[in-house]
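In the text below, chain A, chain B and the rest are named by the order of the sequence lines, each starting its count at 1.
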Number of protein chains: 2
Amino acid sequence: MTAERPTVALVAQRAGVSVASVSRVLNGLPAGAATREKVERAAAELGYRPNVFARSLKVRRSQQLALAVADVGNPVYVEMMRAIEDEARGSGYRLLVSSTGGRSDDTLALLDSLSSGYADGLLLSPVRVDDTLVEALRRVSFPAVVIGTIPRSVPLDNVRANSAGGVRLALEHLHARGRRRIAFLNGPSDTVPGSARRRAFERTARTLGLDPAPELRIEAGDFTLGEGRKAAEILLERTLPDAVLGGNDLLAIATMQVLTERGLRIPDDVAVVGMDDTELAGVTSPALTSVDLGAHERGRTAARLLLARLTDPAREVQRVAVQPTLTVRDSS
Amino acid sequence: MTAERPTVALVAQRAGVSVASVSRVLNGLPAGAATREKVERAAAELGYRPNVFARSLKVRRSQQLALAVADVGNPVYVEMMRAIEDEARGSGYRLLVSSTGGRSDDTLALLDSLSSGYADGLLLSPVRVDDTLVEALRRVSFPAVVIGTIPRSVPLDNVRANSAGGVRLALEHLHARGRRRIAFLNGPSDTVPGSARRRAFERTARTLGLDPAPELRIEAGDFTLGEGRKAAEILLERTLPDAVLGGNDLLAIATMQVLTERGLRIPDDVAVVGMDDTELAGVTSPALTSVDLGAHERGRTAARLLLARLTDPAREVQRVAVQPTLTVRDSS
DNA sequence: CTGAAAGCGCTTACAG
DNA sequence: CTGAAAGCGCTTACAG
């Protein structure tokens, strides 16, 4: 097992050519047919595999892309990840996935280690963005694209969801269905999506003339099922809305469960709408109406922006917004 | 931004010492206090970051571990991944995650690229294991551990769940609750867990004297919510069991949804039990009784086995089985 | 088309 | 404790 790994030198010796020729053949560069044949045979016989570090050291590229997401357990990131992996693989890059756990210092630590060059580029989807992170992002010296909303002072390619548009879509839909006491079970408002969605909710609620009662607003400790349940119980303890908008699908699904446990009918008594339109939305019962914020498209677009920047580091910074769509199902 | 990256040579020059000394200080090897101080200052001033490829080329280690799982969207893998990431990070390794999509040739392609050495070791959780894969695993020439059941002819460290024991636990529980017409909504039996669970079900059902009717057995196209729903509809179309065991939590949850839609009460009319005891089990309504197959422990154990083998490649091959536990909740 | 040689940025015996 | 030098396995001008 600890057999010496064959190197270009060994292949060259066996093929009776120079290492330069071996390298050329193996990289598909112009070479004589005879040389090509000898090298390929020798490489196959020896089971030669190039040493990626030697190659990377020389060409200064790793063919690796890093992806940092807040929570690998959230289906919306899984969706995004799949799109990114497809693009990356299609262009010959491996994808390194790290879960930063939503804390901004984990993200910082990752940025730091990225500086050691083990990846050629970074896709970053931070959930909390504080001044320190913004400052670090402004100094980033390698290709990176941010998935999510960041200040314009950060000179990085960026693809963002239109949370505000999504909230509006959801509320207009519920309004059209005659709902007026619409509760908002949001995620933490110290996160970027949480605060964006909160502002959008307030604004749209006012425009539509919805019940402004503060007891209709509640914030879960995190964008998870568990925290969603807790928040839903508190909400229903203090008031009964005629509809609930969840800050994401997980929060909406948690709400549906608590409603069902209390014997309330969905959507008859309370309509429920989620955000992200994850895979889960289609399989709950009733199936969950949800706003698709374009996770798949955001992932794909971000990956493409990164690949483009890798090719042309000098290209102009792009900021792309992906528009939301509403999928109405049985929960509303 | 394309500023020249500082190298050890540059740090050495600025510190007025040799590159050897720089390397020693930066790697925490013995060095004089004065030297140490000069090097650390120079490195800090230059914002020096070591080139990981040069280092890996020299020391022949990448400090990367690769993890290949069948489906990053399945919460049981997320659980496993978290445990592995903790262990890996704790030992100074980065974790590269790849999703192989459950096809055995994807796994093969990964094994192949691993041979280029970009990771020091591999954690592999294949869902389908055919002869080609077994053959490839027998030839693997780098440290690898398999999470899941594989033939003993494969000389790799291995940690497996006790699916059979888990199925038995679930059935004995349902039997004790007076259920006799227990259906089994399994995943594909051309997968390793699928076939193991199927055999265990047949055996235990016989032992316990359960209704052996073949219409009580059904196989979903995959271990997912979507396929689970389809299978559950077919099952309930043809018969009404008094309990359903799902091949994993997703299949059990899908079953609960279909049952609820049809106005059946859980557990009064039909009890439901899942396997894996994922995060989801605690938050469905009713909460799902589920068999914990030790995903977290399997992940942790596998990571430790791999780290141990990295340290001592000659150590004896270990095969560890993780025992299941049953968590009874409201669905049964 | 092909080969000899330099060099990517590190680490590590080997002397002193 | 410290430095000069070799070498890890590649790629790529540079000659021929």
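- Side-chain atoms of A:Glu279 do not come within 3.5 Å of backbone N or O of A:Pro75 as any donor-acceptor pair.
- Counting heavy atoms from C-beta on, the side chains of B:Pro126 and B:Leu133 come closer than 4.5 Å.
- Environment of CZ in B:Arg315: crowded, with over 12 heavy atoms of neighbouring residues, nucleotides or ligands closer than 6.0 Å.
- Residue contacts shown for B:Arg60 are limited to sugar-phosphate atoms, with no base heavy atom under 4.0 Å away.
- On the nucleic acid side, DNA chain D contacts chain A at distances under 4.0 Å to non-hydrogen atoms, with the end points of that region at D:dG9 to D:dA13.
- Of the two residues near DNA chain C, A:Ala33 and B:Val19, the one whose nearest nucleotide lies more 5' is A:Ala33.
- One distance of note links CG of B:Leu123 with CD1 of B:Ile84; it measures 5.0 Å at 0.5 Å rounding.
- A distance of 4.0 Å separates OG1 of A:Thr191 from CZ of A:Phe223, quoted to the nearest 0.5 Å.
- The residue B:Ala20 sits close to a base: some heavy atom pair falls under 4.0 Å.
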Hey, can you pull the donor-acceptor pairs under 3.5 Å for the side chains in residues 143-156 of chain B, sequence neighbours left out?
none

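- Using a distance-only test at 3.5 Å, with no hydrogens or angles considered, a donor-acceptor pair links the side chain of A:Arg309 to the main chain of A:Glu316.
- Helical stems in DNA chain D, defined as runs of 3 or more consecutive Watson-Crick or G-U wobble pairs with both donor-acceptor distances under 3.5 Å, are listed by first residue as C:1-3 with D:14-16, C:5-12 with D:5-12, C:14-16 with D:1-3.
- Of the residues in residues 40-50 of chain B, none lies under 4.0 Å from DNA chain D by heavy-atom distance.
- Counting non-hydrogen atoms under 4.0 angstrom, B:Thr35 reaches the backbone sugars and phosphates but no base.
- A:Lys58 meets the side chain to side chain contact (heavy atoms under 4.5 Å, CB included) test with no other residue; sequence neighbours excluded.
- The salt bridge (Lys or Arg N to Asp or Glu O under 4.0 Å) pairs that include a residue from residues 86-97 of chain B are B:Glu85-B:Arg89, B:Glu87-B:Arg304, where partners are two or more places apart or lie in different chains.
- The nearest heavy atom of DNA chain D to A:Leu57 and to A:Leu29 marks one nucleotide each, and the one closer to the 5' end goes with A:Leu57.
- At the heavy-atom level, B:Ser21 lies under 4.0 Å from the strands shown only through sugar-phosphate atoms.
- Two residues are said to be in side-chain contact when any heavy atoms from C-beta on lie closer than 4.5 Å; A:Leu10 and A:Gln13 meet this criterion.
- Using a 4.0 Å heavy-atom cutoff across all strands shown, B:Thr7 reaches sugar-phosphate atoms only and no base atom.
- Between A:Gln64 and B:Gln64, some side-chain heavy-atom pair lies under the 4.5 Å cut-off.
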